[in-house]
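Below you'll find the structure, written out as structure tokens, and then a few comments.
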Amino acid sequence: MDAKHSSSPDYSDSPAARLLAWYDRHARDLPWRAKAGETPDPYRVWLSEVMLQQTTVAAVGPRFSAWVERWPDVASLAAASDEDIMAAWAGLGYYARARNLVKAARAVVAEHGGRFPSTEAGLRDLPGLGAYTAAAVAAIAFGERAVVVDANVERVVARLFAIQTPLPAARPAIREATDRITPDARAGDFAQAMMDLGSSICTVKKSQCLLCPIAVDCRARAEGIAESLPAKAPKKARPYRHGTVFWIERKGQVWLVRRPDKGLLGGMRALPTGPWADERPGLTDAPAKGPWVMLNDTVVHGFTHFELELALARIDGEPAASVAGEWWPIADLGTAGLPTLFARAADRLKGAGE
DNA sequence: GAAACGTGGTA
DNA sequence: TTACCAAGTTT
């Protein structure tokens with residue numbers, strides 16, 4: 001091999017070059033990706049990146065398509081009501097994303113003339129855009145050379161450089177290593193290629209190194225430790241909590257409330273509940289006077305940081321005057337935008353009075 | 001740095 | 001079945 005005397009890096013012989021060549025052949029066809037020759041739409045890039053936070057491509061696909069059909073641009077989204085937006089997000093989880101989505105859309109319209117900021121720093125100031133999303137939108141939508149690090153990139157890079165420090169302590173080293181291999185051109189494609197690689201080949205278990213375009217660069221593969229990386233600190237056990245969910249029915253309608261704007265399931269329509277505690281709260285904080293009928297059944301739902309078992313109580317009657325809420329036709333409950341937890345409880349409760 | 005914050009798929 | 005995990009952000 002001839003020695004190079006140029007001061008510029010030999011781009012053709014780099015992990016980025018190998019990865020981009022692979023991406024040109026194997027990129028996934030996803031609804032939010034611009035097709036060859038198309039200019040990326042920052043609105044679609046932003047929306048998809050927010051939907052994809054901690055959420056699988058499979059779950060996002062149909063939700064993204066329905067969303068852009070209803071709100072095709074940032075102006076239409078900014079003009080929509082909070083209520084409609086929260087209901088449209090129901091089932092996707094992490095509802096702070098939807099609350100921030102509205103705020104960001106309105107900020108883009110009110111403070112940026114309806115156009116997204118085109119730099120990573122400008123994007124970072126919008127609600128709901130953290131280090132990852134700001135970098136991803138800057139790179140994918142605007143072609144900026146940004147260092148994009150998500151969980152896929154963390155895994156690929158930890159293996160590529162055999163970084164054995166456990167997460168999250170390894171993050172600074174991983175970011176620095178990612179910076180070193182990020183190309184000046186096509187940073188957006190590079191980021192998406194890294195994520196495609198991480199999701200399809202360099203997977204958590206059973207990484208398929210024989211198919212990997214940068215296996216030749218990979219130190220973990222050379223050392224036979226790919227699948228043990230990245231190391232992670234052990235997780236804490238999730239506590240188990242109890243609660244009661246209340247179903248008040250009258251003339252084919254059920255009483256729904258809106259949860260407080262902050263906290264778990266914040267801003268979402270819901271069935272009334274009592275406190276969530278270590279012990280079964282029974283009828284504590286019941287939203288109507290008895291006689292409540294307890295179903296001989298519970299709903300168990302796992303959240304990120306605790307598991308919840310809900311007892312199911314129902315009554316035919318009226319809510320107490322102090323309980324704010326609205327009647328909702330039981331036949332149309334699917335349009336109420338209930339989080340999954342309450343949708344599941346409602347499935348058990350409706351019809352239980354017959 | 002750690003905890004809060006949802007849900008559904010996979011092994 | 002239990003445990004882990006996914007294109008993270010905010011406090």
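Only this structure's heavy atoms are used, side chains among them; waters, hydrogens and symmetry mates stay out. Numbered from 1 within each chain, the chains take letters A, B, ... in sequence-line order.
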*asked:* Base, sugar-phosphate or nothing for A151(A)? Non-hydrogen atoms, less than 4.0 Å.
replied: sugar-phosphate
*Which of the following nucleotides, dG6(B), dA7(C), dT7(B), is nearest to the side chain of D150(A)?*
dA7(C)
_Between dA3(B) and dC4(C), how far apart are the two P atoms, rounded to whole Å?_
16 Å
*Separation of R97(A) atom CZ from dA7(C) atom P, in whole Å?*
13 Å
*Under 4.0 angstrom, heavy atoms only, what part of the nucleic acid is A131(A) near: base, sugar-phosphate, or nothing?*
sugar-phosphate
_Does either side chain, that of R344(A) or that of H301(A), offer a donor lying less than 3.5 Å from an acceptor on the other one?_
yes
*Given atom CG of L126(A) and atom P of dT9(C), what is their separation to the nearest angstrom?*
12 Å
*What nucleic acid atoms does G302(A) come within less than 4.0 Å of, heavy atoms only: base, sugar-phosphate, or nothing?*
base
*Determine whether the side chains of T133(A) and Q53(A) contain a donor N or O and an acceptor N or O closer than 3.5 Å.*
yes
*hbond_proxy Y132(A) side chain to dG8(C) base (donor-acceptor, 3.5 Å cutoff)*: no
*Using modelled atom types only, decide if a donor and an acceptor are shared between the side chain of R97(A) and the backbone of V50(A) within a distance under 3.5 Å.*
yes
*Whole angstrom is fine here: how far is it from CD in E154(A) over to P in dA6(C)?*
9 Å
*Compare the minimum distances between each of dA7(C), dG8(B), dG6(B) and the side chain of T340(A), then state the nucleotide with the smallest one.*
dG8(B)
*What's the CG-C1' distance between L167(A) and dA2(B), to the nearest Å?*
15 Å
*R28(A) near the nucleic acid: base, sugar-phosphate alone, or nothing, with a heavy-atom cut-off under 4.0 Å?*
base
*asked:* Reading DNA chain C from 5' onward, which residue's closest nucleotide shows up sooner: K232(A) or R124(A)?
replied: K232(A)
*asked:* Regarding L341(A), tell me which of base, sugar-phosphate or nothing describes its non-hydrogen contacts under 4.0 Å with the strands shown.
replied: sugar-phosphate
*Between T133(A) and K235(A), just flag the one whose closest nucleotide in DNA chain C comes earlier from the 5' side.*
K235(A)
*Please work out if S48(A) contacts a base, only the sugar-phosphate, or nothing of the nucleic acid, heavy-atom cut-off 4.0 Å.*
nothing
_So that I know where these two stand, are F246(A) and W292(A) an aromatic pair - ring centroids less than 6.0 Å apart?_
yes
*Of the candidate nucleotides dG8(C), dG6(B), dA7(C), which contains the atom at the shortest distance from the side chain of L30(A)?*
dA7(C)
*Looking only at side-chain N and O atoms, does R99(A) come under 4.0 Å of OP1 or OP2 in dT9(C)?*
no
*Closest listed nucleotide, where the reference is the side chain of Q54(A) and the choices are dT9(C), dA3(B), dG6(B)*: dG6(B)
*Looking at every strand, decide which applies to W32(A) at a 4.0 Å heavy-atom threshold: base, sugar-phosphate, or nothing.*
base
*Report the distance from atom OH of Y94(A) to atom P of dG6(B), rounded to the nearest whole Å.*
7 Å
*dG6(B) base / T304(A) side chain donor-acceptor hit below 3.5 Å*: yes
*Whole-angstrom distance between dT10(C) and dG8(B), as gauged at atom C1'*: 24 Å
*asked:* Please report the distance, rounded to the nearest Å, between NE2 in H301(A) and P in dG8(B).
replied: 7 Å
*With a 6.0 Å cut-off on ring centres, are W255(A) and W247(A) close enough?*
no
*asked:* Does either side chain, that of T304(A) or that of Y94(A), offer a donor lying less than 3.5 Å from an acceptor on the other one?
replied: yes
*How do A169(A) and G263(A) order along DNA chain B: which one's closest nucleotide is nearer the 5' end?*
A169(A)
*Which nucleotide in the set dG6(B), dA7(C), dC5(C) lies at the smallest distance from any side-chain heavy atom of L264(A)?*
dG6(B)
_Taking the cut-offs as 6.0 angstrom to the six-membered ring centre and 45 degrees off its axis, would you call R241(A) and F303(A) a cation-pi pair?_
no
*From the options dG6(B), dG8(B), dA4(B), select the nucleotide whose nearest atom is closest to the side chain of H305(A).*
dA4(B)
*asked:* If you go through the side-chain atoms of R238(A), does one of them form a donor-acceptor pair with the base of dA4(B) closer than 3.5 Å?
replied: no
*Do S76(A) and D73(A) meet the criterion of a side-chain donor-acceptor pair at a distance under 3.5 Å?*
yes
*When you get a sec, tell me which of dG8(C), dG6(B), dT10(C) is the closest nucleotide to the side chain of N100(A)?*
dT10(C)
*asked:* At less than 3.5 Å, do the side-chain atoms of T55(A) and the base atoms of dG6(B) form a donor-acceptor pair?
replied: yes
*dA7(C) and dA4(B), which share atom name P, separated by this distance in whole Å*: 24 Å
*asked:* Under 4.0 Å, counting only non-hydrogen atoms across every strand here, what does R155(A) touch: a base, just sugar-phosphate, or nothing?
replied: sugar-phosphate
*Between L265(A) and P168(A), name the one whose nearest nucleotide on DNA chain B is closer to the 5' end.*
P168(A)
*Atom pair distance, as rounded to whole Å: CD in E120(A) and C1' in dG8(C)*: 15 Å
*Report the distance from atom NZ of K205(A) to atom P of dA6(C), rounded to the nearest whole Å.*
10 Å
